[in-house]
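Labels below follow one simple rule: chain letters A, B, ... track the order of the sequence lines, proteins then strands, and each chain is numbered from 1. Only heavy atoms go into these numbers, but all of them, side chains included; no hydrogens, no water, no symmetry mates. Small disclaimer: the values here were computed from a predicted structure and weren't measured.
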Amino acid sequence: MSHPTEPQGFVGWLLSPERRGALLVAPAIFVLFVMNIFPLMWSFGLSFFNYRANRLTVPSFRGLYYYERVLTDPVVWERFQTTAIIVGSSVLLQLIVGFLLALLFERAFPGRRILLMLVLTPMMLSFVAVGVFFKLFYEPTFGLLSQFVSVFTGEPYAILATPTSALIGIVVADAWMWSPFVMLLVLAGLVSVPKYLYEAAEIDRASWWRRFRTITFPYIKSLLLLAVLFRTIETFKLFDIVYLITEGGPGSSTETIAVYVYRLAFQFFRTSQASALAYILLFVVIVLTNLYLYGVQRRSQEL
Amino acid sequence: MQFVKSTCLAIAAGAATLALSAGALPKVVSAEEIVIRMAAPDWPPTRFMQEEANRSYKAPSGNDVRLELDFIPWGNFYERVAASLTSGEQKYQMIVTDSQWLGSFIEGGYYMKLNKFIDADPELQALMEDLHPALVAAYSTYPHKSENYYGFPQMPDTMVTWYRKDLFCNDAERAAFKETFGGTLPCSYEDWENVDWKAWENIGNHFRRAKGDKLGDGVADDDFYGVAYQASKTYDFSTMQINAFFWQWGGGIWDETKEPEGKAIGVVNSDANVAGFERYLDLLKLAPPAYKTGQMGIFEIQDLFMQGKVGAIIDWVGLGEPVLDPKTSQVSDKVAFGVTPGKRGSDGKIERWANIGGQPFVLTTWNSDTVNQEALDIVKWWLSEDTQIKFAKNGGQSGLKSVMAMDEYKTFRPWNQAHVAMLPWQRDVWHIPEFFELLTQQQEEFDKAITGQKSAREALDAVATFQDDILREAERIE
């Protein structure tokens, strides 16, 4: 009986047990590097050079010029303000609607499963489908909203005609899509509350508000925080729905910072400036993500 | 192991023998297989090109040449082409391109300059001679109106008036119009030649009906509007119509042919432009309420017209085919076409300046000599009289003067007469690489005026200042 021969030389060195783990994860790291890390570093480099993707001129080093330019550009701050308004309003609306839906679905009632499935549908749709749906829904000549309003006013209604109402239109579309996500998280918190606590509270004749404040809320507050942070990060990057429904209009009143980065990079071909702005956005998202991770950590400590 | 070695030796020996014997044999000329891949917007004129190429194109070289169009939806056509070119993937040998992109992609080194090919080929020279000069200027030259040639017309397009002849030729409507406005409701093609913006306004007011009102021989089943033209923030939609008002009112846009002396401030926000823009905004109030959102683009007005909600619109000839199709249009048997309205001068003549549409097609710079030659043969095939007539009969437009001069050309499609009449009135927007920045900011400002956030003058002042900044930065204004 002969022993199987061990590979010798370089192959043997490579396949030795202490290197096997590294070898197995190497393909994944390679793909991550090629598809993610390298482009990230490359675009970071571009933000320091004078480069336009549609020109043949050789890039020249400009240091922090594009960061300074982006941070002193009044249009960038306008877009940040618009984004902040949309994020604030949309996340608040998602929380309210999501919370109310979770309270509704916490209890058992006939048809609950089917209704729950229907309520969850919006967050499973693609952004394009939601964008096109709301664009048609808001259309003033034949859209359902206009038809409905004209029953009372006798006039067609164009929600996307003024800056404020257009912002409301965007917020409603985004909240319609993502409130079910908040509902899911809150519902997970609600069902984790031990029943005996409610029973004890009932014996003590605690009011609904007191039960909510002292029993329900402590159980869901971490999940609620996660929902807020997660939705804030996502809404901060909002592009698809805005681009499809209003293209940032009327004028530029609903143009978010993500839409502006897209215009800078792929319409104006200001590649370096777009890279600099994208890195500033990345910084903001990293800060928000750290808050998110902090929230996750607190939740795990509590459980 | 011995077996493997013997097998390898045998294969190597066989391969060597084959290679030697092939070298000894006389060369056999075989047809080369060549695929010309062309980026193209997805719409009827390019679909026809693909179908006709599949049906009838045979390369004169004897090579097996296949034209393959890569159809891209209009909505992201620019982004897709730009992404392909700037990524360096070298996917396309030819590209259908908007004329505005010429500067951007020529200076990027992607579009091939064609002068040497034209100079060396009498057929191409004859073809260039036969092309309408407005098309050569807009579709081929960079810098604009120079003698550097880059493209050939794939689909020349102009805006014309589409109108409901059942309403405009209705006796009761005509009598009511005459009584109220004192003029003639245009019914025939010749009537439309006499329509100025005042008459357009009267038409808009005349045909504004609420649901249930009498309309023609029937009753309006929904709110009905007399007139509409494009007013949308998307791409170049508002600009295409507003430029017509600038030029007709004697104003203009920043003139790239006068670089670097040509100015933006004082030109873009001139009194003439402000007056033209104000007139555009006035007439827009007669349109369906979609204009209030700044989203009444060329497709939206086409839809509204096909749904029977508007009496007359101004839209591109290239979008006309679906309106004649009963499957897509409720007014397929009621539509007729005329020239667009214009501004009547003190001499009584109407000026109809308009922004040209349509697209040229170009060759890319990475093609081999063989591919270039094959691509130019495709150009010759496409711009041959035979193909151009077939194209025009199927809803396209020819760029050749000789084809357009044929008597029967006007009868190929119902809008042809208007298109030929509009062609000499065409001018074009800028072709420089900064065009998208200029366009996007201008579209935003126009949109603010359309949605009532700014006056015409405030919007044009903002456009002029922005253009001055951008063009100075690009060293196009001194």
Side-chain angles (χ1 to χ4, degrees), chain A residues 39 50-57 69 73 75 78-79 128 131-132 135-136 138-143 145-147 149-150 154-166 169 243-255 259-260 262-271 273, chain B residues 75-76 78-80 82-83 85-88 101 103-110 210-211 222-223 225 232-235 287-297 300 303-304 307 309-310 433-441 443-454 459 466 470:
Chain A
N50 174 16
Y51 173 67
R52 284 176 170 237
N54 65 341
R55 307 279 174 87
L56 285 177
T57 46
R69 189 165 171 167
D73 182 358
V75 177
E78 260 178 47
R79 302 298 181 265
V128 175
V132 172
K135 189 170 176 152
L136 294 174
Y138 292 154
E139 210 289 326
T141 314
F142 51 79
L145 180 69
S146 177
Q147 298 280 338
V149 173
S150 67
E155 288 288 320
Y157 176 59
I159 189 174
L160 303 179
T162 66
T164 311
S165 59
Y243 201 72
L244 283 159
I245 298 177
T246 63
E247 270 190 63
S252 53
S253 52
T254 58
E255 188 163 302
V259 174
Y260 188 59
Y262 165 77
R263 287 199 198 285
L264 274 181
F266 300 108
Q267 293 186 335
F268 307 162
F269 282 107
R270 291 181 175 266
T271 315
Q273 206 170 322
Chain B
N76 56 356
Y78 173 77
E79 283 86 349
R80 283 273 297 277
L85 293 177
T86 53
S87 72
W101 314 352
S104 188
F105 295 135
I106 287 167
E107 295 207 3
Y110 309 118
K211 185 177 179 180
D222 203 348
D223 287 353
Y225 299 85
S232 168
K233 197 188 168 198
T234 301
Y235 191 41
Y291 86 85
K292 292 179 186 169
T293 65
Q295 294 193 30
M296 195 174 70
E300 284 80 10
D303 265 352
L304 290 166
Q307 289 175 21
K309 292 185 188 300
V310 191
E434 294 79 14
F435 90 92
F436 219 120
E437 269 176 278
L438 302 183
L439 186 67
T440 305
Q441 190 267 354
Q443 287 282 106
E444 262 178 34
E445 292 300 322
F446 288 171
D447 202 45
K448 285 176 188 169
I450 288 165
T451 54
Q453 298 174 56
K454 276 189 176 180
F466 179 83
I470 291 284

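- A:F266 CZ: 12 or fewer foreign heavy atoms inside a 6.0 Å radius.
- Here the rule is side-chain contact (heavy atoms from CB on, under 4.5 Å) with B:T293, and of A:I159, A:T162, A:L160 only A:L160 fits it.
- Put simply, of B:A83, B:A290, B:P288, the one with the most heavy-atom pairs under 4.5 Å next to chain A is B:A290.
- For B:Y225, the part lying near chain A is the side chain, with the backbone staying farther off; criterion is any non-hydrogen pair under 4.5 Å.
- Residue B:I106 does not touch chain A at all, counting heavy-atom pairs closer than 4.5 Å.
- No other option in A:A158, A:P140, A:S252 has as many heavy-atom pairs under 4.5 Å with chain B as A:P140.
- With respect to the salt-bridge test (charged N to carboxylate O, under 4.0 angstrom), the residues A:R52 and B:E107 do not qualify.
- No part of A:L244 comes within reach of chain B, as not one of its non-hydrogen atoms sits under 4.5 angstrom from that chain.
- Between A:F269 and B:F105, the angle of the ring planes goes over 60°, which puts this pair in the perpendicular group of the 30/60° scheme.
- Only the side chain of A:E255 comes within contact range of chain B, judged by heavy atoms closer than 4.5 Å.
- For the side chain to side chain contact (heavy atoms under 4.5 Å, CB included) test, residues two or more places apart in sequence or in another chain that qualify with B:K309 are A:T141, B:D222, B:L304, B:Q307.
- Using a 4.5 Å heavy-atom threshold, the side chains of A:T246 and B:K233 count as separate.
- A:Q267 and B:E437 are not linked by any side-chain donor-acceptor pair at a separation below 3.5 angstrom, with hydrogens and angles left out of the test.
- Residues B:Q443 and A:E247 have side chains not in contact (no heavy-atom distance under 4.5 Å, counting atoms from C-beta outward).
- With contacts defined as side-chain heavy-atom distances shorter than 4.5 Å, the pair B:E300/A:E139 does not qualify.
- Only the side chain of A:P156 comes within contact range of chain B, with heavy atoms under 4.5 Å apart.
- B:F435 does not touch chain A: none of its heavy atoms, backbone or side chain, sits under 4.5 Å away.
- For A:A265, the side chain to side chain contact (heavy atoms under 4.5 Å, CB included) partners are A:A274, not counting sequence neighbours.
- Using a 4.5 Å cut-off between heavy atoms, B:T234 contacts chain A through both its backbone and its side chain.
- Closest approach of A:G251 to B:D447, counting heavy atoms only: N-OD2, 2.6 Å.
- Each of B:K448, B:K454, B:K292, B:Q295 has some count of heavy-atom pairs under 4.5 Å with chain A, and the biggest count is that of B:Q295.
- Between A:L264 atom CG and B:T440 atom OG1 the span is 10.0 Å, to the nearest 0.5 Å.
- Interface remark: A:F142 contributes side-chain atoms only to the contact with chain B (heavy atom separation under 4.5 Å).
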